[in-house]
**Q** 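Questions regarding the structure given below will be posed in turn.
When reading the values below, keep in mind they use all heavy atoms of this one structure, side chains included, and skip hydrogens, waters and symmetry mates.
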Amino acid sequence: MISKVIKWSICIQLLLLVALPSAMAEEAKRAQPVELAPNAVSSVIIDADSGTVIHDKNKDARLPPASITKIMTMLLIMEALDQGKLKLDEKVRTSEYAASMGGSQIFLEVGEEMTVRDMLKGIAMASGNDASVAMAEKIAGTEQAFVRMMNERAAQLGMKNTHFVNPNGLPAENHYSSAYDIALMSKELLKHEAITQYTGLYQDYLRKESPKPFWLVNTNKLVRFYSGADGLKTGYTSEAKFCLSATAKRDNLRVISVVMGEPDTKTRNAEVTRMFDYAFSQYTNLPIYKTGDSLGELRIGKGEVPVVPLTATHPYSLLLKKGEAADGIRHEVQLRTDLKAPITAGDSIGKIIVYKGDQVLTEFALESPVNVKKAGWWTLTKRTAKRMFFLD
């Protein structure tokens, strides 16, 4: 009897030894992350509102970004427009240097003048190297000065694996970026919601009323063939291969997908499509603030304007897995109480904190939307007098 028990025990152990590795291998296979862009050297998907990484592959690898570089160029143009340094209908003159750019271009002639609006179209849709340099010279005076602005802005955005040498992405030594850094600057560009009026167009014209109209067709074919796609920028050089930073929005969810080093346009577009499909099928988001919602009032000590009303300049939301419960999620706006003039637009003024119970899920940095100068002596004296006599 005992010998039979021992035999059965040995048999069971042998069966387990055979079956267990197979079961473990199957479990490990199921646990492995899905490969969405197998042909890309580097890729990443992020939620455009929160910046949460949904999926990535070698996202921090330093690679040549080709014309995706122009996302930073467009960002600085949009910021100059917001700051009143440029107007969309303002004319930009083309220098001999700008007109000499090779590669993709809108064939600007030396001395030709074109509006900022049309230059933006030429950069966003036709990837105009000449238009990029013309705008760089318009904003900063020289291409070199503009490139310094690009690198300073990259540092501010936390782009740790990026260094720009020019504003258009033409091959140059020490000009590199990463998929994640490109996603970061794409996220920042999309805060300027008007940019998709240019990046989302499939076709348009430049010099339409002239004897030489120029037909623009967007180099990003997904804006025509993928529902919800409205940007952002393609790139290609023989060194960088085929690159794309693409964005699409469905319902309340906007995502950014970046691929670098793809072998051809067909593969690039197919893999970005797969990345979009994955994100939209697996994730949703919980809106926190919509563009234009009130965020309260910012009080600034000794400011020329003592109180600045705050509104959301872009959407804020929390990324959730589909089916994940949103119960118990709350948020609060925490504004700094130690702020004193002068304040510069973009200065840190507080944050939005999102909780689930007592656990912090995420935080959104808040920045001053305006410049606030220090109040003069007479203004401060009148303000003090009003408070003393209960007139304020």
**Q** For the backbone of S227 and the side chain of R250, can you confirm whether one donor and one acceptor N or O come within less than 3.5 Å of each other?
**A**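 Yes; at least one donor-acceptor contact below 3.5 Å.
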**Q** Is the distance between the ring centroids of H331 and Y289 under 6.0 Å?
**A**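 Ring-ring flag for H331/Y289: true, centres closer than 6.0 Å.
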**Q** Report yes or no: is the cationic atom of K321 (NZ for Lys, CZ for Arg) closer than 6.0 Å to the six-membered ring centre of Y283, at no more than 45° off its axis?
**A**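 The answer is yes, since K321 meets both limits relative to Y283.
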**Q** Is it true that the side chains of D264 and T267 contain a donor and an acceptor less than 3.5 Å apart?
**A**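 A donor-acceptor contact under 3.5 Å links the two side chains.
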**Q** Does the side chain of D277 pick up a donor-acceptor pair with the side chain of Y226 at under 3.5 Å?
**A**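 Y226 and D277 do have a side-chain donor-acceptor pair below 3.5 Å.
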**Q** Mark yes when over 12 heavy atoms from residues, nucleotides or ligands other than N174 sit less than 6.0 Å from its CG; otherwise mark no.
**A**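 Atom CG in N174 is crowded, with more than 12 foreign heavy atoms closer than 6.0 Å.
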**Q** Looking at every heavy atom in both R207 and F107, which two are closest together, and how far apart are they?
**A**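 Shortest heavy-atom separation between R207 and F107 comes out as NH2-O, 3.3 Å.
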**Q** Can I get a per-line list of side-chain donor-acceptor pairs under 3.5 Å for residues 115-125, giving both atom names and the distance, sequence neighbours left out?
**A**
residue	atom	partner	partner atom	Å
T115	OG1	D118	N	3.1
R117	NH1	D89	OD1	2.4
K121	NZ	D204	OD2	3.0

**Q** Test the R268-F242 pair against the cation-pi criterion, namely NZ or CZ under 6.0 angstrom from the six-membered ring centroid and within 45° of the ring axis.
**A**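 Cation-pi check for R268 and F242: fails.
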**Q** State plainly whether the residues K91 and E112 are in salt-bridge range, i.e. N to O under 4.0 Å.
**A**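 The answer is no: the pair does not qualify as a salt bridge.
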**Q** In terms of side-chain heavy atoms, does R62 have a donor or acceptor partner in Y176 at a distance below 3.5 Å?
**A**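 Y176 and R62 do have a side-chain donor-acceptor pair below 3.5 Å.
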**Q** Checking E271 against N39: is there a side-chain donor and acceptor pair closer than 3.5 Å?
**A**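 A pair is found: one side chain offers a donor N or O, the other an acceptor, under 3.5 Å apart.
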**Q** For S245 and S186, what are the C-alpha separation, side-chain angles and deciding distance, and is it a side-chain hydrogen bond (donor to acceptor under 3.5 Å, both in side chains)?
**A** CA-CA 7 Å; S245 177; S186 300; 2.8 Å; yes
**Q** Taking NZ, NE, NH1 and NH2 as the nitrogens, is one of them in E193 or K191 under 4.0 Å from a carboxylate oxygen of the other?
**A**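 Looking at K191 together with E193, the answer is no, because their closest N to O distance does not fall below 4.0 Å.
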**Q** Testing the basics here: between A326 and L286, what is the closest heavy-atom pair and its distance to 0.1 Å?
**A**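 Looking at all heavy atoms of both residues, the shortest contact is CB-CD2, 4.3 Å.
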**Q** Using a strict 4.0 Å threshold on nitrogen-to-oxygen distance, state whether R254 and D230 make a salt bridge.
**A**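 Salt bridge: yes.
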**Q** List the steps and the verdict of side-chain contact (heavy atoms from CB on, under 4.5 Å) for V92 and M114.
**A** CA-CA 5 Å; V92 179; M114 189 174 281; 5.8 Å; no
**Q** Please check if atom NZ in K356 has more than 12 non-hydrogen atoms from other residues, nucleotides or ligands closer than 6.0 Å.
**A**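 Yes, because the 6.0 Å sphere around NZ of K356 holds more than 12 heavy atoms from other groups.
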**Q** Is the backbone N or O of K87 less than 3.5 Å from a side-chain atom of E90, with the two atoms forming a donor-acceptor pair by type?
**A**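 Yes: the side chain of E90 pairs with the backbone of K87.
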**Q** Could you go through residues 364-372 and list every donor-acceptor pair under 3.5 Å that involves a side-chain atom there, pairing it with any protein atom two or more places apart or in another chain?
**A**
residue	atom	partner	partner atom	Å
S368	OG	V370	N	3.4
S368	OG	V370	O	2.7
N371	OD1	A345	N	2.7

**Q** Crowded around Y198 OH? As in, over 12 foreign heavy atoms under 6.0 Å?
**A**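 Atom OH in Y198 is packed in, count exceeds 12.
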**Q** Other than Y202, which residues form its hydrophobic cluster under the rule that side-chain heavy atoms must be closer than 4.5 Å?
**A**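 The other cluster members (ILVMFWY side chains, heavy atoms under 4.5 Å, direct or chained) are Y205, W215, V217, V223.
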**Q** Does a salt bridge link R93 with E113, judged by any charged N lying under 4.0 Å from a carboxylate O?
**A**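 Salt bridge absent between R93 and E113.
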**Q** Between K70 and S67, does the side-chain hydrogen bond (donor to acceptor under 3.5 Å, both in side chains) criterion hold? Intermediate values first, please.
**A** CA-CA 6 Å; K70 296 182 177 85; S67 284; 2.7 Å; yes
**Q** If we check side-chain contact (heavy atoms from CB on, under 4.5 Å) with V255, which of these qualifies: D49, I54, T52?
**A**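 Exactly one option meets the side-chain contact (heavy atoms from CB on, under 4.5 Å) with V255, and it is I54.
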**Q** Quiz question: by atom type and distance under 3.5 Å, do the side chains of K57 and S42 form a donor-acceptor pair?
**A**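 K57 vs S42: no donor-acceptor pair found between side chains.
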**Q** Without swapping roles, check the side chain of K221 against the backbone of N218 for a donor-acceptor pair under 3.5 Å.
**A**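 Present.
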**Q** Just checking, any donor-acceptor pair under 3.5 angstrom between side chains of N285 and S317?
**A**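 Yes, S317 and N285 have a side-chain donor paired with an acceptor closer than 3.5 Å.
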